[in-house]
Structures are given as C-alpha cells and as structure tokens.
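First comes the structure, then the notes that go with it.
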Number of protein chains: 2
Amino acid sequence: MNIGEAAEATGVTAKMIRHYEQIGLVRAAGRTGAGYRVYGPKDLSTLSFIRRARDLGFSIAQIRDLLALWQDRARASGDVKRIASQHVAEMKEKMRLLQEMVHTLEHLSAHCHGDDRPDCPILEQLATGMAEEKCC
Amino acid sequence: MNIGEAAEATGVTAKMIRHYEQIGLVRAAGRTGAGYRVYGPKDLSTLSFIRRARDLGFSIAQIRDLLALWQDRARASGDVKRIASQHVAEMKEKMRLLQEMVHTLEHLSAHCHGDDRPDCPILEQLATGMAEEKCC
DNA sequence: GTGCACCTTCCTATCATGTCAAGGTCAAGG
DNA sequence: CCTTGACCTTGACATGATAGGAAGGTGCAC
C-alpha cells in the first residue's frame with residue numbers, strides 16, 4: 001500500500017505521515033525498490049489511532065505516550081487515564097479562559113451602539129483598561 | 001523612555017515590542033544617538049492597547065484593525081462591534097469543539113478503571129473508533 | 001576604567017500543518 | 001517506444017505569537 005492510499009484509508013495526510021515518521025512517532029515504513037513507502041495493516045491501525053487521538057485534541061507528545069501504552073500489553077489503565085485526565089484538565093482550563101474573554105467582550109459589546117457614531121465602550125476599555133471593573 | 005521601561009510599563013515584553021515594530025503593528029520608535037529606541041506617552045498608550053486586546057484574545061490582524069479604528073475619530077462603532085462579535089463567535093466555536101472533546105474523553109474515562117489492569121476503553125476507542133457511538 | 005545592566009541585530013525554536021518546487025516512478029494509451 | 005498524467009520522493013519555506021540565545025555596543029555607578 002502506497003502512502004497516498006494509506007492517507008486516504010486513515011484520514012492522515014501523506015504529508016503528516018511523512019512528518020510523523022520523521023519525528024519518530026511512527027516507525028519508518030518499508031520501501032519498494034524505487035523508494036516508495038509501503039504500508040501494511042498494522043501501520044494503518046497506528047495511523048488511525050493517531051488520527052483519532054488528534055481528533056480528541058491530544059498533543060503529539062501525549063500521543064507518543066498513548067501509543068507506547070497501547071503497544072504495551074502490561075500497561076496499567078491508570079496510566080492511560082492519567083494522560084486523558086490531564087488533557088481534559090488542560091482543555092477545561094482553555095475553555096475557562098475563553099469563557100472569561102467571551103464574557104468580558106459580550107459585556108462590552110452589549111453597551112456598544114454598533115452604529116455610525118464613534119463612541120465605543122470596547123475601544124474605551126482597550127484604551128484605558130478601566131471599563132471592565134467599574135462598569136455596572 | 002527605553003524599551004525596557006516601556007515593556008515594564010505596558011506589560012508587553014521588549015521582545016514583542018520589537019516584533020510589533022517589525023511587522024508594522026506599531027510605528028517605528030524614535031532612536032537615541034546610540035540607536036536605542038525611545039518611547040513617549042503615546043507609544044505607551046498604543047502598547048497598552050495592544051496588550052489589553054491580546055488579553056482578550058484578539059489576533060494581531062484584528063488588533064491592527066482595532067488600532068486603525070481607535071485612531072480614526074470618524075470611526076463607526078459598528079465596525080468595532082463587528083470585529084468583536086466575530087472574535088466572540090470564533091471563541092465560542094473553539095469552546096464548542098473543546099467541549100465536544102472533553103465530553104467524549106470524560107465519557108471514556110468514566111468507564112476506565114484507572115488501576116493496574118491493562119483493559120482501557122480509552123485506548124479501545126482510539127484503536128477501533130467504535131466505542132464512541134456504540135457505548136450506552 | 002571596570003563591571004554590570006541594558007540595548008542592538010540576527011538566528012533559532014516552538015506546534016501541527018500546508019504549500020510549493022524539482023525531480024523520480026509507474027501504468028496506460030497512441 | 002514515447003508521452004501523459006498521477007503518483008511518489010526530498011527539501012525548503014510559511015503560518016502565529018512568543019521565547020531564548022549569541023555576539024557585540026552603550027550607559028552609568030563605583
């Protein structure tokens with residue numbers, strides 16, 4: 001199986017497959033005489049695994065650990081769960097920060113006419129840093 | 001005022017001030033005879049504006065537009081509000097995606113013993129892609 | 001006149017991914 | 001046999017916002 005077919009089968013672009021090989025996330029694929037990479041079912045499983053992990057937002061470093069655990073039959077599920085929990089915590093923290101920003105901005109927007117006049121509490125807050133606490 | 005003092009006063013690192021100057025986000029600062037950058041109150045206001053906008057998650061491109069509007073006395077507050085609304089929408093979309101991932105992962109984690117045994121629904125889902133829909 | 005803290009420019013790295021370019025390979029059809 | 005087009009190869013460069021460091025100049029206090 002060529003890299004293009006592997007890409008289509010797993011949803012990982014050929015570009016990223018080569019990249020993952022280069023950074024050592026997946027082992028180097030076999031080669032034909034002409035130098036084309038060759039992929040077997042095991043490689044496809046690994047690539048699909050990676051794609052699903054990426055879809056869940058795991059970083060490459062975390063996926064590296066997850067792959068190692070996946071291939072370790074003596075793994076402790078606690079190790080997997082810990083990685084997942086940490087990732088969940090990170091995502092929740094990101095959401096919290098986003099929520100804060102959304103909250104502030106929506107608050108400011110609510111008081112902005114949004115018409116042709118130049119007065120704008122959004123710009124005022126950015127300019128003075130005072131609108132946030134003192135307003136309301 | 002030196003770049004270091006300006007950095008401390010505005011909360012933008014000297015590194016980033018130089019960067020913003022290089023990409024044309026702020027006009028080039030004046031220089032002393034020795035080539036040191038010099039900052040005045042107006043520059044400090046601009047840098048503080050940028051920092052607050054960054055704190056609210058605006059991209060450099062958006063900040064560029066906001067700065068232009070800020071310095072335009074004939075601006076329409078609607079233009080400002082539109083930028084803010086778009087940014088809010090982007091952040092909400094990010095939050096939605098994060099929430100989806102968190103939801104899936106928490107669901108999987110809930111069924112993972114998290115002990116010394118190797119069985120792990122998290123790894124199973126990553127390996128087969130089947131746990132998500134069929135479980136529960 | 002020395003030492004230290006600051007400044008300058010330039011290079012490199014992050015993270016995951018995309019794009020582009022120049023060239024090699026393969027299979028099908030004229 | 002030769003061309004065409006689709007695929008593959010490597011390599012370089014870009015993104016966005018920020019950090020780090022190296023190598024060298026400057027300013028000021030002692």
Side-chain angles (χ1 to χ4, degrees), chain A residues 1-26 28-39 43 46-67 86-87 90-91 93-94 97-98 101, chain B residues 1-26 28-39 43 46-47 49-67 83 86-87 90-91 93-94 97-98 101:
Chain A
M1 204 176 208
N2 275 343
I3 196 171
E5 297 167 296
E8 194 169 3
T10 61
V12 183
T13 64
K15 192 76 193 171
M16 292 315 298
I17 295 176
R18 294 193 195 97
H19 179 61
Y20 291 155
E21 179 179 315
Q22 208 195 345
I23 64 175
L25 187 65
V26 301
R31 300 282 182 137
T32 67
Y36 283 23
R37 287 175 179 81
V38 179
Y39 294 90
D43 302 310
T46 305
L47 290 171
S48 294
F49 183 100
I50 292 171
R51 189 186 56 72
R52 290 193 198 96
R54 291 288 307 135
D55 286 349
L56 285 175
F58 285 104
S59 71
I60 296 295
Q62 286 169 325
I63 294 174
R64 206 182 289 268
D65 295 343
L66 288 172
L67 276 173
Q86 193 197 331
H87 178 43
E90 288 164 0
M91 288 194 289
E93 174 64 9
K94 274 186 198 168
L97 295 175
L98 282 171
M101 296 190 285
Chain B
M1 205 175 206
N2 275 343
I3 197 172
E5 296 167 297
E8 193 169 4
T10 61
V12 182
T13 63
K15 206 80 184 169
M16 292 314 298
I17 296 177
R18 294 193 194 97
H19 179 63
Y20 292 155
E21 178 179 316
Q22 209 196 343
I23 65 174
L25 187 64
V26 300
R31 300 281 183 140
T32 68
Y36 283 23
R37 287 176 179 82
V38 180
Y39 295 90
D43 303 310
T46 304
L47 290 171
F49 184 101
I50 292 172
R51 189 188 56 71
R52 291 194 197 96
R54 292 288 309 135
D55 286 349
L56 285 175
F58 285 104
S59 71
I60 297 295
Q62 287 170 323
I63 294 174
R64 206 181 289 269
D65 295 342
L66 289 172
L67 275 174
I83 294 174
Q86 193 197 331
H87 178 43
E90 287 164 1
M91 287 195 289
E93 174 64 9
K94 275 189 198 167
L97 294 175
L98 282 170
M101 296 190 284

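So that the names make sense, note that chain A is the first sequence line, chain B the second, and so on, each numbered from 1.
- As a whole-Å value, the separation of B:E90 CD from D:dG16 P is 13 Å.
- Look at CD1 on A:I17: it is 9 Å from P on D:dC8, rounded to the nearest Å.
- In this structure, B:Y20 does not reach the D:dA17 phosphate: none of its side-chain N or O atoms is under 4.0 Å from OP1 or OP2.
- Summarising the geometry, atom CE belonging to B:M16 is positioned 7.0 Å from atom CD1 belonging to B:I23; distances are rounded to the nearest 0.5 Å.
- Judged by distance alone, with hydrogens and angles left aside, the side-chain atoms of A:E8 form no donor-acceptor pair with the main-chain N or O of A:E5 at under 3.5 Å.
- Scanning all heavy atoms of the two residues, the minimum distance from A:V38 to A:R31 falls at CG2-C, 4.1 Å.
- When the nucleotides C:dT8, C:dA16, D:dT10 are ranked by their closest atom to the side chain of B:R37, C:dT8 comes out on top.
- Using the Watson-Crick or G-U wobble rule with both distances under 3.5 Å, C:dT8 pairs with D:dA23.
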Can you tabulate the close N/O pairs, meaning under 3.5 Å, that link protein atoms to atoms of nucleotides 19-23 of chain D?
residue, atom, partner, partner atom, Å
D:dG20, N7, B:K15, NZ, 3.4
D:dG20, O6, B:K15, NZ, 2.6
D:dG21, O6, B:K15, NZ, 2.3

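- A:I63 has its CD1 atom 13 Å from the C1' atom of C:dT17, to the nearest Å.
- Note: CD (A:Q62) to C1' (C:dC15) measures 13 Å, nearest angstrom.
- Counting heavy-atom neighbours within 6.0 Å of A:E93 CD, excluding the residue itself, gives a total above 12.
- Note: CD (B:E8) to P (C:dA5) measures 15 Å, nearest angstrom.
- Under the 3.5 Å distance criterion, the side-chain polar atoms of A:H87 are matched with a main-chain donor or acceptor of A:L56.
- Side chain of A:R51 to backbone of A:V12: no donor-acceptor contact under 3.5 angstrom is found.
- Between the CD1 atom of A:I23 and the P atom of C:dT17 there is a distance of 9 Å, given to the nearest Å.
- Using a 4.0 Å heavy-atom criterion, one finds that B:F58 contacts no nucleic acid atom at all.
- Checked by atom type and distance alone, the side chain of B:R18 never pairs as donor or acceptor with a backbone atom of B:Q22 at under 3.5 Å.
- Of the side-chain N and O atoms in A:R54, none sit less than 4.0 angstrom from OP1 or OP2 of C:dC15.
- For A:A61 and B:Y36, each mapped to the nucleotide of DNA chain C holding its nearest heavy atom, the one lying further toward the 5' end belongs to B:Y36.
- Closest approach to the A:R31 side chain among C:dT9, D:dT10, D:dC7 is made by D:dT10 (side chain taken as heavy atoms from C-beta onward).
- Rounded to a whole Å, the CZ atom of B:R51 is 12 Å from the P atom of D:dT18.
- Closest contact between the side chain of A:R18 and the listed nucleotides D:dT10, D:dT18, C:dT17 involves D:dT10.
- When rounded to the nearest whole Å, the span between CG of B:N2 and P of D:dG27 equals 10 Å.
- Nucleic acid contact for B:S59: sugar-phosphate only, since backbone atoms but no base atoms lie under 4.0 Å from a heavy atom of the residue.
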